[in-house]
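Letters A, B, ... mirror the listed sequences (proteins, then strands); counts begin at 1. For the numbers below, each heavy atom of this structure counts, side chains included, while hydrogens, waters and symmetry mates do not.
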Protein chains: 2
Amino acid sequence: MTALIFDMDGVLVETVELHFAAWRQIAAQVGKTLEPHDLEAMRGLRRDDCLRRIFSPRELTTYDLNTYSAVKDELYLGALRDIEPEALITPGTVAFLEQARERGLRLGVASSSVNTFHVLEHTQLIEHFDVIADGNTVVRSKPHPDVFLWVAGALGVPAHEAIIFEDAQAGIEAAQAIGAFVVGIGEGEAARKTAWYAPHLADIDLLQLIEQAKNRETSLPVINPL
Amino acid sequence: MTALIFDMDGVLVETVELHFAAWRQIAAQVGKTLEPHDLEAMRGLRRDDCLRRIFSPRELTTYDLNTYSAVKDELYLGALRDIEPEALITPGTVAFLEQARERGLRLGVASSSVNTFHVLEHTQLIEHFDVIADGNTVVRSKPHPDVFLWVAGALGVPAHEAIIFEDAQAGIEAAQAIGAFVVGIGEGEAARKTAWYAPHLADIDLLQLIEQAKNRETSLPVINPL
């Protein structure tokens with residue numbers, strides 16, 4: 001039994017611009033304009049660190065961080081609701097998920113986003129998945145592999161037998177650490193250094209992928225201490 | 001919904017002496033006698049490292065390690081079959097598991113042992129559990145928390161909401177890293193430094209434990225990056 005586990009943002013949906021728009025609005029409220037290089041730098045950062053960057057040199061209290069985080073979520077989810085699902089879903093994703101389901105594969109989402117369910121419901125992608133884990137499922141976020149392990153358990157497959165689809169460096173590291181077969185998605189540099197690379201799910205031949213994942217040499221042995 | 005996740009060796013069953021007996025037999029075949037301090041030192045070691053210690057200064061090849069590991073498993077499982085289940089199960093364990101099931105708790109085993117299923121079947125403890133993970137389920141063994149995360153996923157509860165029963169330093173570290181409430185079991189020093197300590201499951205008031213686990217301050221926040 002093969003299972004496919006997907007990161008959400010950058011893999012199933014393209015929400016970067018929505019996040020950027022929310023950050024721009026927050027910055028505008030304190031009279032700042034975010035330049036493209038600011039936004040690019042914020043891409044890998046946690047929400048709190050994005051806020052610190054925007055408000056710098058002002059120090060933010062925990063109360064500030066919680067408040068502005070909530071504002072950011074509101075702006076982001078508001079923008080999300082105004083966008084047609086088709087504009088959010090990455091190329092070929094629905095067809096790919098349908099094909100995987102037809103072949104009886106188990107499908108999971110392992111995302112660090114607290115908005116995972118909102119996004120998957122809005123796009124109606126939610127119906128394709130057996131298991132969904134979001135930013136509340138585990139304490140430690142990627143590059144810790146915790147969310148992938150949890151989803152693998154929920155799908156009932158050893159994590160090193162899963163095929164994991166990731167676009168981001170931290171997620172790729174996490175998936176590789178637990179011996180999973182990693183498919184890099186998107187335009188990022190990290191994504192190209194994986195066992196299998198594709199700009200979008202549309203570009204992947206599912207049967208060929210499964211075959212390659214099955215035949216690979218597992219680089220990490222299972223360690224049996226007793 | 002609370003879930004209870006148990007390490008097996010040293011928590012549900014006491015198999016240390018069986019492992020020692022197998023090591024003694026292997027050592028005897030090469031003319032060595034293992035002293036109590038040898039056995040104590042081998043307790044925390046992986047199987048391969050135990051073999052290296054016994055055969056030292058001779059260097060072992062991968063083939064040697066695989067062969068002697070298989071011999072050790074044979075000796076261990078042979079000795080296991082000759083022992084009455086009652087002599088293996090730790091005090092109060094069956095009653096504790098029954099009580100937990102009656103309260104509708106979800107129960108899992110997260111062990112690094114490759115013999116987990118053999119031991120749980122022989123002792124008939126297997127029927128008490130919803131989920132069992134062994135040394136083949138994840139690539140990285142404790143102190144990596146992988147096996148606990150996998151079992152939490154399979155039980156459908158966030159790992160930081162689970163109560164984990166552990167006797168060994170590595171397992172306790174692993175469980176604490178993911179924010180779980182850890183119950184230390186046994187006579188070890190590490191076990192006494194947990195949120196709740198008991199020599200055996202027999203000594204635990206389940207309702208009081210659940211109450212305390214529920215009311216604790218979670219020391220690790222869930223980190224939401226987006």
Side-chain angles (χ1 to χ4, degrees), chain A residues 8-9 15-16 19 43-50 69 72-73 76 108 110-116 119 131 133-142 144-161 168 170 177-180 218-226, chain B residues 8-9 15-16 19 43-50 69 72-73 76 108 110-116 119 131 133-142 144-161 168 170 177-180 218-226:
Chain A
M8 184 181 69
D9 290 295
T15 51
V16 175
H19 286 290
R43 233 180 126 149
L45 297 188
R46 291 187 178 146
R47 201 166 50 184
D48 283 5
D49 291 326
C50 289
S69 285
K72 194 263 177 173
D73 273 356
Y76 172 74
S111 169
S112 307
S113 168
V114 287
N115 295 309
T116 301
V119 173
V131 169
D134 68 5
N136 300 310
T137 307
V138 296
V139 165
R140 308 189 306 178
S141 61
K142 303 168 191 172
H144 289 292
D146 299 21
V147 71
F148 290 128
L149 290 158
W150 195 95
V151 171
L155 292 172
V157 294
H160 50 285
E161 291 177 14
I178 56 175
T218 308
S219 55
L220 294 169
V222 175
I223 297 156
N224 302 321
L226 291 172
Chain B
M8 183 180 71
D9 289 295
T15 51
V16 175
H19 286 291
R43 231 181 129 149
L45 297 187
R46 293 190 176 141
R47 200 167 51 186
D48 282 5
D49 291 326
C50 290
S69 285
K72 194 262 177 175
D73 274 356
Y76 172 75
S111 170
S112 307
S113 167
V114 288
N115 295 310
T116 302
V119 174
V131 169
D134 69 5
N136 299 311
T137 307
V138 295
V139 166
R140 307 190 308 179
S141 61
K142 304 167 190 174
H144 288 292
D146 299 21
V147 72
F148 291 128
L149 290 158
W150 195 95
V151 171
L155 292 173
V157 296
H160 50 285
E161 290 176 15
I178 56 174
T218 308
S219 56
L220 294 170
V222 175
I223 296 156
N224 302 321
L226 291 173

Between A/Ala177 and B/Arg140, what is the shortest heavy-atom contact and its length?
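So the two residues come closest at O-CD, 3.4 Å.
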
Closest approach of B/His160 to A/Thr137 (non-hydrogen atoms, all atoms of both residues):
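So the two residues come closest at CE1-O, 3.4 Å.
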
Counting heavy-atom pairs closer than 4.5 Å to chain B, which one of A/Ala154, A/Ala159, A/Ser69, A/Ala133 comes out on top?
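The candidate making the most pairs under 4.5 Å is A/Ala154.
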
Quick one: which of B/Leu149, B/Val138, B/Asp146 gives a side chain to side chain contact (heavy atoms under 4.5 Å, CB included) with A/Ile178?
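Going through B/Leu149, B/Val138, B/Asp146 one by one, the side chain to side chain contact (heavy atoms under 4.5 Å, CB included) with A/Ile178 is satisfied by B/Asp146 alone.
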
